[in-house]
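Sequence lines set the chain letters: A, B, ... in the order given, protein chains first and strands last, and positions in each chain run from 1. Heavy atoms only: backbone and side chains are in, while hydrogens, waters and symmetry mates are out.
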2 protein chains.
Amino acid sequence: MAGKVTSAQVAKRAGVSQSAVSRVFTPGASVSEKTAKKVRDAATALGYRPNVLARAMVSGKSRMIGLVVAYLDNHFYPDALEKLSNALQAKGYHVLVFMASNKTEIIDTVLEEILDYQVEGIITASVSMSSELASRCQQAGVPVVQFNRTQDLERVATVTSDNYQGGYDIAQFLAQGGHQRPAYIAGWEGASTQRDREAGFLDGLKDAGLTLFARGVGNFEADTAKAAACCMFGKRDAVLPDAVFVANDHMAFAVMDALRFELGLRVPQDVSVVGYDDVPPAAWTAYDLTTVRQRANRMVEATVAAMLEKIDHPASPARQVVVDAPLIIRGSARKPKGPL
Amino acid sequence: MAGKVTSAQVAKRAGVSQSAVSRVFTPGASVSEKTAKKVRDAATALGYRPNVLARAMVSGKSRMIGLVVAYLDNHFYPDALEKLSNALQAKGYHVLVFMASNKTEIIDTVLEEILDYQVEGIITASVSMSSELASRCQQAGVPVVQFNRTQDLERVATVTSDNYQGGYDIAQFLAQGGHQRPAYIAGWEGASTQRDREAGFLDGLKDAGLTLFARGVGNFEADTAKAAACCMFGKRDAVLPDAVFVANDHMAFAVMDALRFELGLRVPQDVSVVGYDDVPPAAWTAYDLTTVRQRANRMVEATVAAMLEKIDHPASPARQVVVDAPLIIRGSARKPKGPL
DNA sequence: ATGAAAGCGCTAACAA
DNA sequence: TTGTTAGCGCTTTCAT
């Protein structure tokens, strides 16, 4: 009933030693059913629950995973965070959140702070860490897995969708749809997702005998993307692109708005638009965006699996998981052999 | 440089006592500049950082705030989470996330778990806790503040937007716009936000001499809301509502899609649509949704302030903050004296 | 200003 | 199976 009940108090009440109490709350410890019952009764009566922090001190298991995330604008990340947190919770871990802007310096500072909390592992979403910090974590025995980013560092595990293939598929799809003048609006150029999507797209175009007609940079920000689109499509009496691949959905919505409502172009009749991520609004009828799906569920599963693997077997090699990313065909881009 | 550096190791290297090291890392402790320097040098050389958990054990300050959140679909919550986490981080706290579905039983379980981590406070977003749990937290000396929910419990602090006034303003606005047959699509009926918005809306209608023409329930879920809309507007040759207030934006988008693309109605010419929250997509041109803004920034500030107040002065009364919620007029609803 | 010593609440040998 | 005994890494009196 009281504020802070300790195992010692429970022990006294149950008439056993304090370690007996500890054992009752330690799965797989050896206690007789008789003592266990006495202890449990006393515990409930007193409202006792083990102190996770004290347990962490001596056992080294804090049951916390640090999650570093840069921004939650793009709906893909809150979605992933929700799933991640749920999956980890199911395994008895909890997520300590750290927001960090995408500057290496800040990320490194934040990571130091995370380590202070003795987390058992660190997941970074949409951010890259310095190799120096990566080694620090390794030395501290804290495994790191990067979600939706790759990096050359051999020691850190990564989980991504197949960004290269996704970009490639989009190029092929646009080519088959009869498009002649494909454009690209890039994300933040420091991101591996951006680089891989673009590389795949360019290779796909090349293999289809096409070349990039125009390129803009949107930095993964809606406003910047919109500006890039206006710049790209706003020219009077010029030959315009007939298709544009926007590096993520978040930007693609802004681009579609600009195209339709500010520049008076029809989508997909005048210009086809394709995004990346398949966040929920992509399926909303007002956008009906053709896009590549990042399978958040699978990516999260892989991330959790990689994390637990590293925690249980610290010596195991860092996995580099690539989840396949299917093209989701909707109405924002002209289809092969399609009407109109 | 190593994995786990303790204050004792730093002490040895610096040639001082272990407590001296502790003092150097305790703001406001009494240390001579000379010792401080020796200690800092040794600490940097060794890569020492204080262990937050060990500190928490003895000081009772874990520097963690538990955040319970039910779902992140509605973009208002990730946005709030980001701001909350940032604001708390700036104050030296970090957020331990717990996902909970909206069943009291589950929330209570989750809250017990949170307490095990010795958090210094708990913020609940979009969930309500049982009064029993509320007292448990109080007894444990852990302050609770509810974000975006009210409850009768006197002891828990709450921060909400002025949901009643928001609903009221919408009714008045629709009345002034010449609407005759206002409808309402409700959120989850267990939520105080839902109840307050509806109450305000109904009173606003009454004061304008109107009565509710139709009512559906969307549970704050897009699909359910869409179904409700189809049910409400799908009748052949019937007199339809000429305006609908949807209890949040998330549902409003789905309703607009159904109205325009499935039922062939024009927005706002045939029917006006108003939402609540002003999440980012509300401003996207494809929706251009008239809505009531929840000022996330202010709400977060108030939440953090209430939290810190309670932590610093446990005896202080629980604040009940209501942040004003302005109507944001866009194009999805016919305006008073407007064209068309 | 500094060091010695006593724990915070718990787990993990070690005996018994 | 159980109790006893050390600590985990730190803050905090209490002396000095």
Side-chain angles (χ1 to χ4, degrees), chain A residues 2-40 42-43 46-64 92 115-120 140-142, chain B residues 2-40 42-43 46-64 92 115-120 140-142:
Chain A
K4 294 289 179 200
V5 185
T6 69
S7 58
Q9 300 174 38
V10 177
K12 188 156 71 177
R13 174 163 182 140
V16 299
S17 78
Q18 183 269 331
S19 11
V21 178
S22 172
R23 287 192 188 97
V24 172
F25 288 92
T26 304
S30 104
V31 226
S32 73
E33 187 45 54
K34 202 172 69 185
T35 1
K37 185 177 179 346
K38 281 192 298 186
V39 168
R40 269 194 293 266
L46 263 33
Y48 168 78
R49 309 205 99 222
N51 180 328
V52 177
L53 264 39
R55 174 179 287 174
M57 283 241 30
V58 41
S59 71
K61 266 78 192 58
S62 66
R63 311 252 73 180
M64 297 192 289
L115 291 173
D116 298 347
Y117 282 82
Q118 314 299 118
V119 296
E120 290 188 55
V142 179
Chain B
K4 295 288 178 201
V5 186
T6 69
S7 57
Q9 299 175 39
V10 177
K12 188 155 73 175
R13 175 162 181 143
V16 299
S17 77
Q18 182 268 329
S19 8
V21 177
S22 173
R23 288 193 186 96
V24 171
F25 287 92
T26 304
S30 104
V31 227
S32 73
E33 186 46 54
K34 203 172 69 185
T35 353
K37 185 178 179 344
K38 281 194 298 188
V39 168
R40 269 194 293 266
L46 262 33
Y48 168 78
R49 309 206 98 219
N51 179 329
V52 176
L53 264 40
R55 173 178 289 176
M57 282 237 32
V58 37
S59 70
K61 266 80 194 54
S62 66
R63 310 255 72 179
M64 296 193 289
L115 291 173
D116 298 347
Y117 281 83
Q118 313 300 116
V119 296
E120 290 188 54
V142 179

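- Between B:Lys38 atom NZ and C:dA1 atom C1' there is a gap of 12 Å when expressed in whole angstrom units.
- If you take NZ of B:Lys61 and P of D:dT12, they are 10 Å apart, rounded to a whole angstrom.
- Distance A:Lys4 NZ to C:dC8 C1': 11 Å, rounded to the nearest Å.
- Annotation: side chain of A:Lys38 is in contact with side chain of A:Thr35 (closest heavy-atom distance under 4.5 Å).
- Using a 4.5 Å heavy-atom cutoff, the side chains of B:Val16 and B:Arg23 are not in contact.
- Judged purely by atom type and a 3.5 angstrom limit, A:Tyr117 uses its side chain to pair as donor or acceptor with the backbone of B:Arg63.
- Taking all atoms of both residues into account, the shortest heavy-atom contact from B:Phe25 to B:Val39 is CE1-CG1, 4.2 Å.
- For the pair B:Ser17 (side chain) and B:Ala20 (backbone), a donor-acceptor distance under 3.5 Å is present.
- Spacing between atom NZ of A:Lys12 and atom P of D:dG3 amounts to 16 Å, rounded to whole angstrom units.
- Rounded to a whole Å, the CG atom of B:Asp116 is 10 Å from the P atom of C:dC10.
- Counting heavy atoms from C-beta on, the side chains of A:Lys61 and A:Glu120 come closer than 4.5 Å.
- With rounding to whole Å, B:Arg49 atom CZ is found 12 Å from D:dC10 atom P.
- In this structure, B:Gln9 CD and B:Lys4 NZ are separated by 11.5 Å, a value rounded to the nearest 0.5 Å.
- Among pairs with a residue in residues 46-57 of chain B, those fulfilling salt bridge (Lys or Arg N to Asp or Glu O under 4.0 Å) read A:Glu112-B:Arg49, A:Asp116-B:Arg49, at least two apart in sequence or across chains.
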Please list, for nucleotides 11-15 of chain C, all pairs of protein and nucleotide N/O atoms separated by less than 3.5 Å.
residue: C:dT11; atom: OP1; partner: A:Arg55; partner atom: NE; Å: 2.6
residue: C:dT11; atom: OP1; partner: A:Arg55; partner atom: NH2; Å: 3.0
residue: C:dT11; atom: OP2; partner: A:Ser22; partner atom: OG; Å: 2.4
residue: C:dT11; atom: O4; partner: A:Gln18; partner atom: OE1; Å: 3.4
residue: C:dA13; atom: N6; partner: A:Arg23; partner atom: NH2; Å: 3.3

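- Of the residues in residues 28-37 of chain A, those placing a heavy atom less than 4.0 Å from an atom of DNA chain D are A:Ser30, A:Val31, A:Ser32, A:Thr35, in numerical order.
- Atom OH in B:Tyr117 sits about 19 Å away from atom P in C:dG9, given to the nearest Å.
- Annotation for A:Val31 and A:Val24: closest pair CG1-CG2, 4.0 Å, computed over non-hydrogen atoms.
- Atoms CG (B:Leu46) and P (D:dG9) sit 14 Å apart, rounded to a whole Å.
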